[in-house]
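Order of the sequence lines sets the chain letters (A, B, ...), proteins ahead of strands, with each chain counted from 1.
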Amino acid sequence: MIDLNLLRENPEAIKASQRARGASQELVDQAISADTAWRQNLGAFEALRAEQNAFSKQVAAAPKDQKQALVAQAQELSARVKAADAAATAAQQELDTLIWKIENVVMPDVPMGGEDDFKLVKEVGSKPVFDFEPRDHQELGELLDIIDITRGTKIAGSRFYFLKGMGARLEIAMMNMALDQAAAAGFTALITPTLVRPEVMAGTGFLGEHADEIYYLPADDLYLTGTSEVALAGYHRDEIIDLEDGMLRYAGWSTCYRREAGSAGKDTRGILRVHQFNKLEMFVYAKPEDAEAEHQRLLALQEQMLQKCELPYRVIYTAAGDLGSSAAAKYDAEAWVPTQDAFRELTSTSNCTTFQARRLNVRYRKEDGKTAPVSTLNGTLATTRWLVAILENHQQADGSVRIPEALRPYLGGQEFITPKPAKAGA
RNA sequence: GGAGACGUCGCAUAGCCCGGUCGAGUGCGCCUCACUGCUAAUGAGGUAACCAAGAAAUUGGUUCGGAGGUUCAAAUCCUCUCGUCUCCGCCA
């Protein structure tokens, strides 16, 4: 939710942001008139209510024989109060629906435009050169017997898979390495609920634009979360948190579920885009003045992970139109996927400024003792998708895969994943 | 799954039966002052959040888990809902 004061004092800033996103500017004008109407209605109601409260005290103090007459008067007043109350409530609802539709105000340096209008920040590492025809991760997965898509599909349908043997262990190793790194950087580990109530899903904004993407369990009226961000953002909901000793940093470990309804036919091969995967997500509650520096720090942590996995990658600064509605700025790190001859997104980190916290009502106490909304930030540190890049970039001519050094301690020192030896006589 | 109890201002509780004098008492914690003087005791006062108006002091309003309802008036009565606890049953 945007800041109402900003709407009143500098609506042009919000309009400019909406324009950069390619979102509606008209909404801003509508919200301003709704705000004015609401405040008028509220003032009228409050004056009437004050009258009623004063009158009510008279009634209470009046001697018995006068009560009857006073009550009769009060009835008439009560009716007017009810009407004014209803009008004020309606005006507020109107304002609310409008204000919730306005997206977060983007940072001034965010490029205008859509998905392809990003700013390239950097490219790191060199793309592997193969003197053989590289296999894609699905082929490697089958050859090494570490990814079983056929059986995943058999038991759960398309976009499901089994990670088997070293495949399963590789994912756990990577997740563990990420968790260790996060812990060293001051993040508290959290294993989060993956089923949440409707109000939490709505409160974090995912029921809006992502509604199609979400699994829902009608028998229990619960939603499966597509990221632990939902639980992590809701964690301190309606709280005044203490940021005196520094920001609150969490590393959420969870399985994520996505319907991928809008991506039929896209990335159907392998495990690049699946209905269920694991993810380690960083989430930070910070004072607004510290948010930008922390955003850079999250990106640095992501890069550190990518480098430990010895992956060539690039960092892009997303354009306004490709930002989530609560993000003011976002960096994506994309790893090189050789068989696709393309960079594919492995991590994403967003600075949501105070937008998300305002909606979730998470505040802190400032020096002057007043409360103010905090800033929230999030960023991916590892997901199942990373396996795609690891397998493809580190493959050898015989189909074996070299394990990046940093991961080896998590795999008993093992250096390669090798194909099963062919059975004798086969 | 069955039965019951409970949810009040940081924490612990009073108030609810018998609606108005309750936005709400007490204890603890915390803050300020006084006194004493020594890492304390005692006394006095203060101590929620949110919204609107205002330059501000301040004023008005809302909030007693949440949502509805009854009433001139709801912490208090009614309905639903969420949560916690206890006992019983059942069981990965």
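Neither OP1 nor OP2 of B:rC51 sits under 4.0 Å from any side-chain N or O of A:R39. Note on A:T371: every side-chain N or O is 4.0 Å or more away from OP1 and OP2 of B:rA49. A close approach under 4.0 Å does not occur between any side-chain nitrogen or oxygen of A:R49 and OP1 or OP2 of B:rG60. The phosphate of B:rU81 has neither OP1 nor OP2 within less than 4.0 Å of any side-chain N or O from A:R197.
Across the strands present, B:rG1 finds its partner in B:rC88; the criterion is a Watson-Crick or G-U wobble pair with both atom distances under 3.5 angstrom. In this entry B:rA67 has B:rU79 as its Watson-Crick or G-U wobble partner, both defining distances falling under 3.5 Å. Under the Watson-Crick and G-U wobble criteria, each requiring two contacts below 3.5 Å, nucleotide B:rC11 is paired to B:rG27. Across every strand in view, B:rG37 sits unpaired, with no contact that passes the Watson-Crick or G-U test at under 3.5 angstrom. Summarising the base pairing, B:rU32 is matched to B:rA44 through a Watson-Crick or G-U wobble pair whose two defining distances lie under 3.5 Å. Shown here, B:rG60 forms a base pair with B:rC51; the pair counts as Watson-Crick or G-U wobble because both key distances fall under 3.5 Å. Summarising the base pairing, B:rA74 is matched to no nucleotide, lacking a Watson-Crick or G-U wobble pair whose two defining distances lie under 3.5 Å. When both distances must be under 3.5 Å, the Watson-Crick or G-U wobble mate of B:rU21 does not exist.
One C1' atom belongs to B:rC80, the other to B:rA24, and the distance between them is 26 Å to the nearest Å. For B:rU86 and B:rU13, the P atoms lie 15 Å apart once the distance is rounded to whole Å. For the P atom pair drawn from B:rG46 and B:rA52, the interatomic distance equals 29 Å after rounding to whole Å. Comparing the same atom, P, in B:rG68 and in B:rA74 gives a spacing of 14 Å after rounding to whole Å. Between B:rC28 and B:rU47, the two C1' atoms lie 13 Å apart (nearest whole Å). Remark: the separation of the C1' atoms in B:rC88 and B:rG15 is 34 Å, to the nearest Å. Comparing B:rA73 with B:rC51, their P atoms sit 27 Å apart, to the nearest whole Å. Comparing B:rG1 with B:rC91, their C1' atoms are spaced 12 Å from each other, to the whole Å.
With salt bridges taken as basic N to acidic carboxylate O contacts below 4.0 Å, none links A:R49 and A:E46. Under a 4.0 Å N-O distance rule, the pair A:E260/A:R258 does not qualify as a salt bridge. Using a 4.0 Å cut-off between charged nitrogen and carboxylate oxygen, A:R259 and A:D212 do not count as a salt-bridge pair.
Contact annotation for A:R358: no contact, since no heavy-atom pair falls under 4.0 Å across all strands. At a threshold of 4.0 angstrom between heavy atoms, the contacts of A:S56 include nucleobase atoms, whether or not backbone atoms are also involved. A:R365 comes within 4.0 angstrom of sugar-phosphate atoms only, judged by non-hydrogen atoms across all strands, and of no base. Among the protein residues, A:Q73 comes within range of no part of the nucleic acid, since none of its heavy atoms lies under 4.0 Å from any strand.
Here B:rG60 is the nucleotide among B:rG60, B:rC50, B:rC72 with the atom lying nearest to any side-chain atom of A:E46. Candidate nucleotides B:rC72, B:rA49, B:rC51 were compared by shortest atom distance to the side chain of A:V71, and B:rC72 ranks first. Picking from B:rA49, B:rC72, B:rA52 the nucleotide with the shortest atom distance to the side chain of A:V59 gives B:rC72. You'll find that the side chain of A:N53 is closest to B:rU62, out of B:rG60, B:rU62, B:rC72. For A:Q75, taking side-chain heavy atoms from C-beta onward, the closest of the listed nucleotides B:rC51, B:rC50, B:rC72 is B:rC72.
Aromatic ring centres of A:H275 and A:Y257 lie farther apart than the 6.0 Å criterion allows. Aromatic pair A:F283/A:Y250: centroids not less than 6.0 angstrom apart.
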Legend entry - Steps toward side chain to side chain contact (heavy atoms under 4.5 Å, CB included) verdict (A:D136, A:E392): CA-CA 6 Å; A:D136 77 5; A:E392 292 204 14; 3.6 Å; yes

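Judged as a ring-ring contact (aromatic ring centres under 6.0 Å, His included), and not counting sequence neighbours, A:F416 has no contacts.
Here B:rG61 presents its C1' atom at 14 Å from CG of A:N41, a figure rounded to the nearest Å. For the pair A:N361 CG and B:rA48 C1', the computed distance is 14 Å after rounding to whole Å. Atom P of nucleotide B:rC72 and atom CG of A:D85 are separated by 16 Å, given to the nearest angstrom. In this structure, A:I241 places its CD1 atom 17 Å from P of B:rG10, rounding to the nearest Å. Following rounding to the nearest Å, A:L222 (CG) and B:rC82 (P) show an atom-to-atom distance of 11 Å. Atoms CD1 (A:I240) and C1' (B:rC11) sit 16 Å apart, rounded to a whole Å. Atom CG in A:D242 sits roughly 15 Å away from atom P in B:rG10 (whole-Å rounding). To the nearest angstrom, C1' of B:rU81 lies 12 Å from CG of A:D221.
Along RNA chain B, the nucleotide nearest to A:A74 and the one nearest to A:K370 differ in position, and the one closer to the 5' end is contacted by A:K370. Position along RNA chain B of the nearest nucleotide to A:Q52 versus A:N5 favours A:N5 as the more 5'-ward residue.
When all heavy atoms of A:R159 and A:V274 are compared, the pair lying nearest together is O-CB, 3.5 Å.
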